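Residue indices begin at 1 and follow the sequence shown. Just so you know, these numbers come straight off a predicted model, no measurement behind them.
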Amino acid sequence: MTLMLRYKKIFPGISYFRRGMEETTMGLTSYKIENPETGTFYPFVFADIMGLERSNTTSDVENIKLALKGHIKEGYTFSPNAKLTESDPFYNRTLSLDDQVHVLVCVVNAATVAILDDGAIKKLRDVRLAAQCKRRGIVQVAILTHIDEACPEVKRDIKNVYRSKRLKKQMETLSTRLGIPLNCIFLVRNYYHEIETDDDVDTLVLSAMRKIIAYGEDYLKDITDKENS
């Protein structure tokens with residue numbers, strides 16, 4: 001659920017959307033995107049971490065808070081029942097701006113927005129509050145996935161995505177329950193069995209990515225300007 005920009009992490013990577021988000025992530029895994037023309041990587045990193053558990057424990061929330069601050073090293077395996085401690089070799093003691101999260105992305109299945117239980121909402125709000133308290137507040141956005149499963153008219157034609165009253169209602173519900181503004185909620189369709197890419201599907205993903213990266217760059221500029229003033 002996290003992201004950093006410019007040697008900073010971002011969640012989730014585009015490959016995650018293409019896999020359809022069917023895999024369960026148990027650790028902190030970073031994804032870089034290579035520029036095919038130069039052979040170098042673009043100056044941002046997507047970091048995928050374990051999602052929130054449906055349980056009464058809060059260890060998963062506490063570990064995400066540590067990840068927001070940059071305390072969790074690459075490769076750490078999350079446990080819903082254990083918080084990372086300072087004695088753990090995966091605990092990062094020496095923090096830099098590059099280690100910290102600059103955009104927090106909440107990923108929610110559009111077909112399940114209305115049935116998110118109160119426990120999950122409370123955990124998501126706790127994470128958002130922690131993000132808001134850090135310095136000026138980490139930028140926060142949400143991505144609604146599986147939009148074709150949530151709306152038959154989008155399943156017929158993905159170009160109907162922003163005409164769909166059903167998806168608009170899902171966005172409004174998520175905005176109300178999590179407190180994320182509507183203009184910070186993005187809609188994407190997952191890849192499932194396809195072996196070729198689709199321009200209309202990719203357009204939604206890339207549009208969301210561009211906005212997220214722009215938010216992160218603005219956040220970073222604000223932080224560095226504040227530190228240099």
Side-chain angles (χ1 to χ4, degrees), residues 1-5 8-14 16-17 21 25 44 46-54 58 60-69 100-151 154 161-190 204-223:
M1 187 169 134
T2 30
L3 119 125
M4 287 177 213
L5 242 349
K8 329 158 222 225
K9 298 186 175 180
I10 295 190
F11 169 83
I14 188 168
Y16 199 48
F17 287 111
M21 293 187 171
T25 302
F44 53 83
F46 293 87
D48 182 13
I49 68 170
M50 178 181 175
L52 294 171
E53 292 291 306
R54 291 184 178 178
T58 58
D60 50 352
V61 173
E62 295 307 314
N63 282 330
I64 291 174
K65 290 178 183 179
L66 289 175
L68 292 177
K69 298 174 183 178
Q100 299 167 20
V101 169
H102 297 97
V103 181
L104 173 68
V105 182
C106 174
V107 180
V108 179
N109 187 323
T112 66
V113 170
I115 59 173
L116 282 174
D117 61 74
D118 291 340
I121 292 296
K122 182 180 184 305
K123 288 186 175 186
L124 288 168
R125 285 184 171 275
D126 286 348
V127 172
R128 290 197 64 240
L129 182 61
Q132 289 170 346
C133 291
K134 183 178 175 290
R135 298 191 180 185
R136 313 184 48 249
I138 297 171
V139 182
Q140 301 174 42
V141 304
I143 291 178
L144 283 178
T145 64
H146 298 85
I147 56 174
D148 53 320
E149 295 179 6
C151 179
V154 170
V161 58
Y162 285 107
R163 298 191 197 102
S164 169
K165 292 181 180 179
R166 185 173 300 191
L167 289 180
K168 183 176 183 243
K169 177 65 176 175
Q170 298 292 66
M171 292 172 67
E172 290 172 346
T173 299
L174 188 67
S175 176
T176 300
R177 299 193 74 186
L178 291 187
I180 296 176
L182 282 173
N183 64 351
C184 291
I185 299 177
F186 306 105
L187 303 173
V188 303
R189 207 218 86 173
N190 298 67
L204 292 176
V205 175
L206 293 173
S207 176
M209 287 176 62
R210 286 177 60 187
K211 289 289 188 182
I212 290 168
I213 291 168
Y215 287 145
E217 291 293 353
D218 289 343
Y219 174 84
L220 179 67
K221 186 178 184 302
D222 289 343
I223 291 297

Show the numbers, then the answer: is there a salt bridge (Lys or Arg N to Asp or Glu O under 4.0 Å) between Glu172 and Lys168? CA-CA 6 Å; Glu172 290 172 346; Lys168 183 176 183 243; 3.3 Å; yes

Any Asp218 side-chain heavy atom under 4.5 Å of Val139 side chain: no

Sequence neighbours left out, what pairs pass salt bridge (charged side-chain N to carboxylate O under 4.0 Å, His left out) with at least one residue falling in residues 100-112? none

Is there a donor-acceptor pair under 3.5 Å between the side chain of Ser164 and the backbone N or O of Leu167? yes

Who pairs with Lys165 by salt bridge (charged side-chain N to carboxylate O under 4.0 Å, His left out), at least two apart in sequence or on another chain? none

Using 0.5 Å steps for rounding, measure from the CD1 atom of Ile138 to the CG atom of Leu68. 4.5 Å

Take Ile143 and Ile212 through the side-chain contact (heavy atoms from CB on, under 4.5 Å) test and state the conclusion after the steps. CA-CA 10 Å; Ile143 291 178; Ile212 290 168; 4.0 Å; yes

Donor-acceptor pair, Glu149 side chain versus Ala110 backbone, under 3.5 Å? no

Kindly indicate, with the supporting measurements, whether the criterion side-chain contact (heavy atoms from CB on, under 4.5 Å) is fulfilled by Leu204 and Val161. CA-CA 9 Å; Leu204 292 176; Val161 58; 4.1 Å; yes

Min side-chain heavy-atom separation Leu104-Val141 under 4.5 Å: no

For the pair His102 (side chain) and Gln100 (backbone), establish whether a donor and an acceptor sit closer than 3.5 Å, ignoring hydrogens and angles. yes

For the atom pair CD (Gln170) and OG (Ser175), what is the distance rounded to the nearest 0.5 Å? 12.5 Å

Would the distance check show the side chain of Asp148 and the main-chain N or O of Arg189 forming a donor-acceptor pair, the cut-off being under 3.5 Å? no

Rounded to the nearest 0.5 Å, how far apart are NE2 of His146 and CG of Asn190? 4.0 Å

Does some side-chain heavy atom of Glu62 sit less than 4.5 Å from a side-chain heavy atom of Leu66? no

Can you find a pair of side-chain heavy atoms, one from Leu144 and one from Phe186, that are under 4.5 Å apart? no

Distance, nearest 0.5 Å, that separates CD1 of Ile213 from CG of Leu220: 13.0 Å

Mind checking what makes side-chain hydrogen bond (donor to acceptor under 3.5 Å, both in side chains) contact with Asn109, not counting sequence neighbours? none

For the pair Val105 and Gln140, evaluate side-chain contact (heavy atoms from CB on, under 4.5 Å) and give the outcome as yes or no after the intermediate values. CA-CA 6 Å; Val105 182; Gln140 301 174 42; over 6 Å; no

Can you tell me how far SG of Cys106 sits from CG of Leu178, rounded to the nearest 0.5 angstrom? 5.5 Å

May I ask you to test the Val61-Leu124 pair for a side-chain heavy-atom distance under 4.5 Å? no

With no hydrogens and no angle check, is any side-chain donor or acceptor of Thr145 less than 3.5 Å from a backbone partner on Val188? no

One pair to check against side-chain contact (heavy atoms from CB on, under 4.5 Å): Phe44 and Val103. What are the steps and the verdict? CA-CA 11 Å; Phe44 53 83; Val103 181; over 6 Å; no

Who pairs with Thr173 by side chain to side chain contact (heavy atoms under 4.5 Å, CB included), at least two apart in sequence or on another chain? Val113, Lys169, Arg177

I'd like to check the side chain to side chain contact (heavy atoms under 4.5 Å, CB included) partners of Arg125; sequence neighbours left out, ordered by chain and number. Ile121

Which pair of heavy atoms, one from Arg166 and one from Cys151, lies closest together, and at what distance? CD-CA, 4.2 Å

For Lys122, which residues count as a side chain to side chain contact (heavy atoms under 4.5 Å, CB included) partner, sequence neighbours excluded? Asp126

Could you give the distance from CZ (Arg128) to CD1 (Ile180), rounded to the nearest 0.5 Å? 5.0 Å

